[in-house]
K.L.:
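I'd like to ask you about the structure that follows.
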Amino acid sequence: MASRPVSIIAALTVAGLVTGPVTAVILRAEAFSGFRPADWQALRFTLVQATLSAGLSVLFAIPVARALARRSFPGRGLLAALLGAPFILPVIVAVLGLLAVFGQSGLLNRLLAPLGLPDLQIYGLQGVLLAHVFFNLPLATRLILQGWLAIPAEHFRLAATLGMGRRAMWRSIEYPMLRRIVPGAFAVIFVICLSSFAVALTLGGGPRATTLELAIYQSMRFDFDLARAAALGLLQLGLALTAGLIALRMTQVPVASRGLDRRVPRWDRTNPGAVCTDVLWIGLAALFLLTPLAMVTLNGLAGITTLGASVWQAAGHSILVALGSTALCLLWALPLATRWGEWLGLAGIALSPLVLGIGLFLIVRPFANPFDLALYVTATVNAFVSLPFVLRILRPEAEAIRADYTRLRAALGLSGWAWLRWVFLPRLKRPLGFAAGLTAALSMGDLGVIALFADPDNATLPLKVYQLMGAYRMDQAAGGALLLLMLSLGLFWAFDRGGRVGSRT
């Protein structure tokens, strides 16, 4: 798409955004005297919660994916779309929804009270696990469902011809597929949960439920111990890189042999026991995902009219940050939409946003007040974190356009700007709109770096909702969460819809 100098500039910028903050963290960490017992406790809790979160997400996803693979029913497409919603759902919104259902005064405890049963406690390890399963069950289901759908239909037809029972079919067809797919799904979710900050911040519940990310935040915000924060950041960096490499290796495995792409209904789908089991798992999954969102909507409708001027100001900050991070991410992604550019962008998954935030804080501090630049730093880090997803969306179409039109460009002598305006961007419009919507929604709902830098004058909407929760103003927090949900989904829809209007693909 772009000339080589532009691609080189973009690559150097992204590489500098990685090496600069990481180098600053390494240099600052050298002044650290040693890890405390609380730091090792944070490391243990991080590993335990990530392992359990990934394990539970995959465990529950297996029967849900199996049910979706062998059932066809009205609304199946809508449910499949719902499985992608938690990826762009602001974490603070999901947390409020889970509190409304499982919290001390939540829906479930109100139902248990007349039965004389003890209340459910959501804070601590159980709350972190609950939130992580809420976010990652859909991802695990989609990954495993793809494995089930990739099994050639001829395998199931042969199993029916041979009169194989359900257990024999499980051993010979389904279990081998799961043995290939599940480790990769577990590894991906494990990496995601390692750097989960907002969930631990809101539901952690004390020193025994503190992750490394939360310990970094506490070192910065409460103790202002930069050396300790840098050392913890370095530990988190090594942990994330190691886990990321393992996950990358585990996901590069073949799925199944090829068939004739014929859709053959599975003979075992009519078994009454299979029907009841599938309906139960699909119903439970839909209930688990939909009820918190419904509670946020119901509670927020009453609270949105009570929001003060500071909340609306924070909403304006979030919109500006989201638009800025979207523009910056696309400026990097367009020239980097190549194979080597996508490899460079993978750093956005491996590096913790808080590690980048600390590094930028250390770099900026000698020259300016970092708290005055909170919104700019947040937009930059959000753009970097979204970059690998945007490159995954843009690269296939971008490479196809180059392959199809490079000779025409040379024959017509199109300059860089003419190539962009008349050929490249019009044909990239649809994936570009989707990528922009995804980036804007992720940035809009982010509660990460801004928590390190923000003061009351430049808080974003997710941070404001968290502050309202901390002040026990739950009605206003619910109203702010509903506003955040509408803005996040609205930005995603607007960009995605804009990419579809007049698209040539």
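In what follows, every heavy atom counts, from backbone to side chain, and hydrogens, waters and symmetry copies are set aside. Just so you know, these numbers come straight off a predicted model, no measurement behind them.
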K.L.:
Quick one: does V381's side chain get under 4.5 Å of L354's, heavy atoms only?
P.N.:
no
K.L.:
Do you know which two heavy atoms are closest between P90 and L484, and how far apart they sit?
P.N.:
CB-CD2, 3.7 Å
K.L.:
Measuring from D372:CG to N458:CG, what's the distance to the nearest 0.5 Å?
P.N.:
8.0 Å
K.L.:
Between T46 and L212 (side chain of the first, backbone of the second, donor and acceptor by atom type, cut-off under 3.5 Å), is there such a pair?
P.N.:
yes
K.L.:
Calculate, to the nearest 0.5 Å, the distance between atoms CE and CZ belonging to M295 and F102 respectively.
P.N.:
11.0 Å
K.L.:
Looking at CZ of R44 and CH2 of W40, how far apart are the two atoms once the value is rounded to the nearest 0.5 Å?
P.N.:
9.0 Å
K.L.:
Does F495 have its ring centroid less than 6.0 Å away from the ring centroid of F434?
P.N.:
no
K.L.:
Distance check, rounded to the nearest 0.5 Å: Q313 atom CD versus L461 atom CG?
P.N.:
11.5 Å
K.L.:
Does T202 use its side chain to pair, donor to acceptor, with the backbone of V199 at less than 3.5 Å?
P.N.:
yes
K.L.:
In sequence, state the C-alpha distance, the side-chain angles, and the governing distance for L373 and N369, and then conclude on side chain to side chain contact (heavy atoms under 4.5 Å, CB included).
P.N.:
CA-CA 7 Å; L373 303 175; N369 184 356; over 6 Å; no
K.L.:
Can you check whether T211 reaches I216 side chain to side chain, under 4.5 Å on heavy atoms?
P.N.:
no
K.L.:
Looking at L287, is its backbone amide N or carbonyl O close enough to the side chain of T291 to form a donor-acceptor pair, meaning the two atoms are under 3.5 Å apart?
P.N.:
yes
K.L.:
Should we count CZ of F371 as having more than 12 external heavy atoms under 6.0 Å?
P.N.:
yes
K.L.:
Just say parallel, tilted or perpendicular for the rings of F60 and W281, cut-offs at 30° and 60°.
P.N.:
tilted
K.L.:
Find the distance between CG (L485) and CE (M444) and round it off to the nearest 0.5 Å.
P.N.:
10.5 Å
K.L.:
Answer yes if the side chains of N382 and S325 hold a donor-acceptor pair under 3.5 Å, and no otherwise.
P.N.:
no
K.L.:
So do P462 and S318 actually touch side chain to side chain, heavy atoms under 4.5 Å?
P.N.:
yes
K.L.:
Check K464 against S310 and note the closest heavy-atom contact, atom names and distance.
P.N.:
CE-OG, 3.2 Å
K.L.:
If you measure only the distance, is there a donor-acceptor pair under 3.5 Å linking the side chains of Q121 and Q126?
P.N.:
no
K.L.:
Output, in order, the C-alpha distance, side-chain angles, deciding distance and verdict of side chain to side chain contact (heavy atoms under 4.5 Å, CB included) for L328 and T380.
P.N.:
CA-CA 7 Å; L328 185 58; T380 301; 4.1 Å; yes
K.L.:
If we ignore angles and hydrogens, is there a donor and acceptor under 3.5 Å between the side chains of H132 and S196?
P.N.:
yes
K.L.:
Do NZ/NE/NH1/NH2 and the carboxylate oxygens of D39 and R228 come within less than 4.0 Å?
P.N.:
yes
K.L.:
Look up atom CD in Q49 and atom OG1 in T210, then write down how far apart they are to the nearest 0.5 Å.
P.N.:
11.0 Å
K.L.:
Answer whether the closest heavy-atom distance between the side chains of T439 and L330 falls below 4.5 Å.
P.N.:
no
K.L.:
Begin from the C-alpha positions of C193 and N136 and carry the test side chain to side chain contact (heavy atoms under 4.5 Å, CB included) through to its verdict.
P.N.:
CA-CA 9 Å; C193 294; N136 296 302; 3.5 Å; yes
K.L.:
Go through F288 and V133 one step at a time and tell me if the side chain to side chain contact (heavy atoms under 4.5 Å, CB included) criterion holds.
P.N.:
CA-CA 10 Å; F288 179 60; V133 172; 4.1 Å; yes
